[in-house]
Amino acid sequence: MVRILLLPLDERPCNARFPAMMAEECGGYELIMPPRELLGDQKRPASVEAVAQWLKENFASCDYAVLSIDMLVYGGIVPSRLHQLGAEQCRARLGLLRQLRAKHPQVKVFAFSLILRAPAYNSAEEEPDYYETYGARLCRLGVLRDKRERGAASGAEAEELQALERALPAAVTADFCGRRAVNHAVNERAVELLHENILDFLVIPLDDCAEYGWAAAEQRALRAEILQAGESGRVYLYSGADEVGCVLAARAVNHSRGRTPAVYLQYSSVYGPLVTPKYEDRPLGENLKWQIAAAGGRTAASPEAADLILMVNAPTAGGEQMAEAGTKGDQWDASYAGCRCLPDFVASLRAYLGEKPVALADLAAANGGDDELMRMLAREGLLPRLASYAAWNTAANAAGTCIAHAMLRERAAERSLFTAHRILEDWAYQADIRQRAAELAKSVGSTLDRGEGENQLAAFAQRELEQYLARWALPGPARIERVEFPWHRFFEIDLSLKSAR
């Protein structure tokens, strides 16, 4: 049995639990992961020394290593946005990879290292404290500088840039840009390590990005270096972040079995592959091809030539016009009604079932499932027959999770507990219960306070999820053991789901 060591991006379920759940369900490979207490807690970084020691102790026992460079160097994804490290200190921490390769040359090393995000809003929840005041302006600064560099800035935008550079405190800009420079140097070093064959494969995902901005500019610089090194076949740059651990685990399994699964893509709209989703930098159809390739697969030209079918419920409007889960469908952009035919999409999905494994990437809305589509599928009893489902957070997050799971569970039983888990969290919780839990908290004056108030809100969420289990046929049968809020916010839950058999 192939053994895969995974050093995750952080301790959240999407990074630490999803890969373990897939391994438990799909079988055929063993996953080796560090204990939860080693992985930090949101803004508190993991001990990079303890992480390094764990790697040294466990590296010899694996055939493949899937490594988050952000965890190895900074102690996690949020610490990568907050640290005060210098470039040389970070490069020294990367020296461990050379040591591991020298001692264990037989291990295939698949690594990933994020391009630092710059969200377009004011919040310090996952960013430096000053982002609460200056976040949106720092993001805009990156957009305008990138446009200027690419000759795309209008006269008004050039004036706006000058005014913005004068208005932002010099210390804030220096701290933000200085950290970006360090993180960019780490990504450059990762490319060098790939070129030196210390790494076998590298993904550099763009976290929460757009067509213009800080990440777009750094991607161009990295791509130029990758092309110069002749390594574009082994270094992938595309939109994503939290799903990459699952994707690279699937790549390791596919590589170990000598296979390249063929995936046929069918969209809910002719516009679907051409729309650039919110939080991403390129058309959906292109990013999906990168995700499939990163997982060790390829696209198929026809359903007959495919190993699995990926049904893509795609957005019909991109950027800020893209729908958000939890808002009513009649409030979505008008294109959702006029530019897609869900009955035809459901009929196609039904027709493929029984012929090939069918996965559903539910990407029409950001941050959760499409309630209209899911109710249509549930009423027809089609949900239990899905090979995989995902709809959480960004389109890239959901798609990568769905693709990886569908590839891995080729030999799994017909009904998937992980698929039931995703349906409950991504559709039931994120598109419905999350909003009602937040409203309840306001009405009773409760908060996610790590105490009794949080326990009561978790109990409410669990009761509502159990109603979904009772009402709709899901891939289970399953029972909910507990619901928790891992970062003490409503955005995501840690859902413990067990087989009822």
Side-chain angles (χ1 to χ4, degrees), residues 1-39 62 64 66 68 240-254 291 295 308 357 359-362 369 383-384 386-393 397-430 461-462 465 468-469 474-487 492-501:
M1 179 180 293
V2 65
R3 305 189 77 198
I4 302 170
L5 178 148
L6 171 61
L7 181 65
L9 182 57
D10 67 18
E11 78 285 0
R12 283 173 298 157
C14 57
N15 289 310
R17 287 196 64 214
F18 289 8
M21 293 172 70
M22 289 184 193
E24 181 179 358
E25 173 179 287
C26 299
Y29 65 102
E30 181 182 351
L31 198 65
I32 305 164
M33 295 183 65
R36 165 65 183 81
E37 59 270 18
L38 211 64
L39 298 178
C62 70
Y64 293 84
V66 174
S68 165
D242 292 311
E243 81 291 343
V244 182
C246 292
V247 167
L248 292 185
R251 184 183 187 87
V253 172
N254 284 328
Q291 294 266 10
L308 66 92
L360 173 58
D362 189 0
L383 295 181
L386 292 174
S388 186
Y389 172 84
W392 64 282
N393 212 351
N397 292 154
T401 305
C402 188
I403 290 164
H405 182 226
M407 287 183 179
L408 287 169
R409 70 176 302 249
E410 180 179 305
R411 302 177 185 176
E414 181 182 354
R415 295 196 173 208
S416 163
L417 194 64
F418 185 71
T419 300
H421 189 279
R422 300 274 32 86
I423 290 171
L424 283 170
E425 182 172 349
D426 299 359
W427 171 39
Y429 178 75
Q430 294 195 16
Q462 180 167 338
L465 287 166
Y468 269 80
L469 270 178
L474 298 182
R479 58 183 173 82
I480 299 171
E481 288 196 325
R482 59 176 173 78
V483 173
E484 296 178 351
F485 300 101
W487 276 4
E492 72 269 280
I493 55 174
D494 187 353
L495 171 65
S496 181
L497 194 65
K498 294 295 183 182
S499 173
R501 290 174 177 157

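What you are looking at is a predicted structure, and each value in this text was computed from that prediction instead of being measured.
- A search for side chain to side chain donor-acceptor pair (under 3.5 Å) contacts involving T419 returns S416, not counting sequence neighbours.
- Contact check for L39 versus N15: no side-chain heavy atoms found under the 4.5 Å cut-off.
- For the atom pair D242 CG and D10 CG, the distance stands at 6.0 Å (nearest 0.5 Å).
- Remark: Q430 pairs with no residue by the side chain to side chain donor-acceptor pair (under 3.5 Å) rule, at least two apart or across chains.
- Across all non-hydrogen atoms, the minimal contact from A252 to I4 is CB-CD1, 3.7 Å.
- Legend: residues meeting side-chain contact (heavy atoms from CB on, under 4.5 Å) with A461, ordered by chain and number and at least two apart, are Y429, I433, V483.
- F418 is not listed as a side-chain neighbour of L408, based on a closest heavy-atom distance of 4.5 Å or more.
- A pairwise comparison of heavy atoms in S388 and H405 identifies OG-ND1, 2.9 Å as the closest pair.
- Residues meeting the salt bridge (Lys or Arg N to Asp or Glu O under 4.0 Å) test with E425, sequence neighbours left out: R422.
- The heavy-atom pair separating I423 from P475 by the smallest distance is CD1-CD, 3.8 Å.
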Apply side-chain contact (heavy atoms from CB on, under 4.5 Å) to residues I403 and V247 and explain how you reach the verdict. CA-CA 8 Å; I403 290 164; V247 167; 6.0 Å; no

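- Residues satisfying the side-chain contact (heavy atoms from CB on, under 4.5 Å) test with D494, not counting sequence neighbours, are P13, R17, R482, E484, P486.
- Of all heavy-atom pairs between G28 and V2, the closest is O-CG1, 3.8 Å.
- By the side-chain contact (heavy atoms from CB on, under 4.5 Å) test, L417 is found to be paired with E25, A478, L497, residues two or more places apart in sequence or in another chain being considered.
- Minimum heavy-atom separation, G245 to L6: CA-CD1, 4.3 Å.
- With sequence neighbours excluded, the residues satisfying side chain to side chain donor-acceptor pair (under 3.5 Å) with Q291 are E243.
- At least one side-chain heavy atom of P34 sits under 4.5 Å from a side-chain heavy atom of P8.
- Here the side chain of N254 pairs a donor or acceptor atom with the backbone of A295 at under 3.5 angstrom.
- No side-chain heavy atom of L360 sits less than 4.5 Å from a side-chain heavy atom of C402.
- Listed here is the closest heavy atom pair of A241 and N397: N-ND2, 3.9 Å.
- Using a 4.5 Å heavy-atom threshold, the side chains of I480 and L495 count as touching.
- For E30, the salt bridge (Lys or Arg N to Asp or Glu O under 4.0 Å) partners at least two apart in sequence or on another chain are R3.
- For E37, there are no salt bridge (Lys or Arg N to Asp or Glu O under 4.0 Å) partners at least two apart in sequence or on another chain.
- Legend: residues meeting side chain to side chain donor-acceptor pair (under 3.5 Å) with Y29, ordered by chain and number and at least two apart, are absent.
- Contacts of A391 classified as side-chain contact (heavy atoms from CB on, under 4.5 Å), with partners at least two apart in sequence or in another chain: D362, Y389, D426.
- Within the 4.5 Å cutoff, the side chain of L5 has no heavy atoms near those of the Y64 side chain.
- Using a 4.5 Å cut-off on side-chain heavy atoms (C-beta onward), W392 and E492 make no contact.
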